[in-house]
Amino acid sequence: MISAQAWADARLLWDYHRMHHDLRPCSVAVGLGSHDLGVADMTAALYHQGMAPVIVFTGATSPTTRARMPRGEAVHYRERALQLGVPDSAVLLEPRATNTGENIEFTKAVLAEADIKVSSVLLVSKPYEERRSYAMMRKLWAEVDVVCASTPMGLEKYADSIGDARMVIDMIVGALQRVLVFPGWDLAIEQDVPDAVGAAYERLCAEGFTSRLLPADVAPRPTGSGLMDKPSGPGRPHL
């Protein structure tokens with residue numbers, strides 16, 4: 001059972017992770033690979049709304065997606081988008097990336113090879129990955145404007161759509177840890193973390209929502225104010 005307090009804390013983190021950007025047309029839409037085909041659905045919907053003339057789907061497989069997307073996340077996303085009426089000519093594939101840093105770097109290379117000029121990116125992700133993905137884009141592809149988008153759902157409805165509420169909360173907690181940790185490896189810009197969000201993160205960790213956390217030697221440490229110190233681990237996490 002998931003306690004009422006855990007749900008309340010997860011909702012706080014969920015709201016923090018979402019950037020609440022106003023959508024506008026961009027040079028390209030990038031759908032970040034994951035276990036959630038809703039990312040492909042949202043990317044296709046934004047294409048049909050005229051928000052981007054071309055899509056890049058990026059992602060290989062991970063332990064979470066290997067069984068359900070055996071041909072690779074980007075390939076399955078492309079197939080879903082074509083089913084939803086996106087023309088094949090509007091979709092580029094990046095099938096090698098195994099983490100968000102590679103999603104960004106390899107997507108840049110795909111667009112350069114296609115000779116597509118990019119001044120802005122409509123970055124489509126799972127709802128709880130918006131802030132981390134934005135922070136990484138601002139560090140790793142700083143010359144473009146970034147507009148974040150995701151499926152417009154509340155936490156409970158989203159968890160029902162995935163079919164595993166505990167996994168979703170574990171991932172929400174893991175995403176916040178990466179917001180805290182990644183600036184220390186120059187993988188992301190610093191983000192302000194309100195005290196209430198930091199405290200909710202600590203409570204969820206204490207309740208055992210920890211399966212998606214980085215190893216202890218790179219984990220953020222509470223300062224007592226709800227914020228976190230930078231990690232002191234030996235190298236960059238490859239996640």
Side-chain angles (χ1 to χ4, degrees), residues 13-34 36 38-59 73-74 77-78 81 84 86-87 89-153 175-176 178-194 197 236 239:
L13 268 62
W14 175 269
D15 291 339
Y16 172 75
H17 282 309
R18 304 191 77 163
M19 298 298 294
H20 305 289
H21 285 167
D22 293 327
L23 299 184
R24 60 177 176 81
C26 293
S27 306
V28 60
V30 176
L32 297 177
S34 74
D36 181 5
V39 175
D41 293 352
M42 186 65 181
T43 308
L46 293 169
Y47 172 85
H48 288 306
Q49 292 169 27
M51 292 294 173
V54 65
I55 292 167
V56 179
F57 287 128
T58 170
E73 297 155 6
Y77 276 19
R78 172 185 171 277
L84 294 171
V86 176
S89 60
V91 181
L92 298 174
L93 284 186
E94 186 299 291
R96 298 184 298 122
T98 60
N99 59 63
T100 308
E102 290 182 351
N103 289 141
I104 295 167
E105 295 297 337
F106 295 169
T107 293
K108 290 167 65 175
V110 166
L111 290 165
E113 183 176 351
D115 198 27
I116 295 173
K117 307 302 181 186
V118 179
S119 61
S120 56
V121 173
L122 183 58
L123 190 64
V124 189
S125 68
K126 302 185 294 295
Y128 56 84
E129 293 286 3
E130 281 194 24
R131 185 172 293 276
R132 177 173 75 92
S133 301
Y134 172 82
M136 295 184 73
M137 282 285 290
R138 297 308 307 140
K139 173 62 71 170
L140 302 176
W141 201 354
E143 63 270 26
V144 300
D145 292 331
V146 183
V147 179
C148 292
S150 63
T151 305
M153 281 186 187
L176 183 60
R178 286 154 178 79
V179 168
L180 297 162
V181 167
F182 280 9
W185 282 273
D186 292 326
L187 289 172
I189 63 169
E190 295 274 1
Q191 298 279 282
D192 178 60
V193 181
V197 171
R236 292 186 178 192
L239 296 170

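The closest side-chain heavy-atom distance from H21 to Y134 is below 4.5 Å. Taking the side chain as every heavy atom from C-beta outward, P127 and M153 never approach each other to under 4.5 Å. In this structure the side chain of K139 never reaches within 4.5 angstrom of the side chain of L187, judged on heavy atoms. In this structure, T107 and V110 have side chains that are not in contact, with every pair of non-hydrogen atoms separated by 4.5 Å or more. Residues I116 and V118 have side chains in contact (heavy-atom distance under 4.5 Å, counting atoms from C-beta outward). Taking 4.5 Å as the limit, some side-chain heavy atom of R24 sits within range of a side-chain heavy atom of S120.
Scanning both residues, L32 and S125, for their nearest heavy atoms gives CD1-CB, 4.0 Å. Listed here is the closest heavy atom pair of L176 and H17: N-CE1, 3.3 Å. Listed here is the closest heavy atom pair of L92 and A114: CD1-CB, 4.1 Å. Taking every heavy atom of both residues into account, A90 and P53 meet most closely at CB-O, 3.9 Å. L140 approaches G101 most closely through the heavy-atom pair CD1-CA, 3.9 Å. Nearest heavy-atom pair, P95 versus A74, reported as atom, atom and distance to 0.1 Å: CA-CB, 4.3 Å.
A donor-acceptor distance shorter than 3.5 angstrom exists from the side chain of E130 to the backbone of M19, with no hydrogens or angles considered. Judged by distance alone, with hydrogens and angles left aside, the side-chain atoms of S27 form a donor-acceptor pair with the main-chain N or O of S119 at under 3.5 Å. Looking at R138, its side chain does come within 3.5 Å of a backbone N or O of V144 through a donor-acceptor pair. In terms of modelled atom types and a separation under 3.5 Å, the side chain of H48 and the main chain of L84 share a donor-acceptor contact.
The side chain to side chain contact (heavy atoms under 4.5 Å, CB included) test with M51 singles out one residue from V124, L122, V147, and that residue is L122. For the side chain to side chain contact (heavy atoms under 4.5 Å, CB included) with V56, the qualifying choice from L111, V91, V121 is L111, the only one to do so. T58 pairs in a side-chain hydrogen bond (donor to acceptor under 3.5 Å, both in side chains) with only one of the listed residues (E94, E102, R96, E105), which is E94. Under the side-chain hydrogen bond (donor to acceptor under 3.5 Å, both in side chains) test applied with S150, the options E129, K126, R18 reduce to a single match, R18. Evaluated for a ring pair (Phe, Tyr, Trp, His ring centres under 6.0 Å) with F57, the options Y77, F106, Y47 yield exactly one hit, Y77.
With values rounded to the nearest 0.5 angstrom, L93 atom CG is found 12.0 Å from E73 atom CD. Note that the SG atom of C148 and the CG atom of L23 stand 10.0 Å from one another [nearest 0.5 Å]. One distance of note links CZ of F182 with OG1 of T100; it measures 7.0 Å at 0.5 Å rounding. Rounding to the nearest 0.5 Å gives a distance of 9.0 Å between CG of L180 and CD of E190.
Figure legend: R131 and Y16 shown as a cation-pi pair, the cationic atom lying under 6.0 angstrom from the six-membered ring centre and within 45 degrees of its axis.
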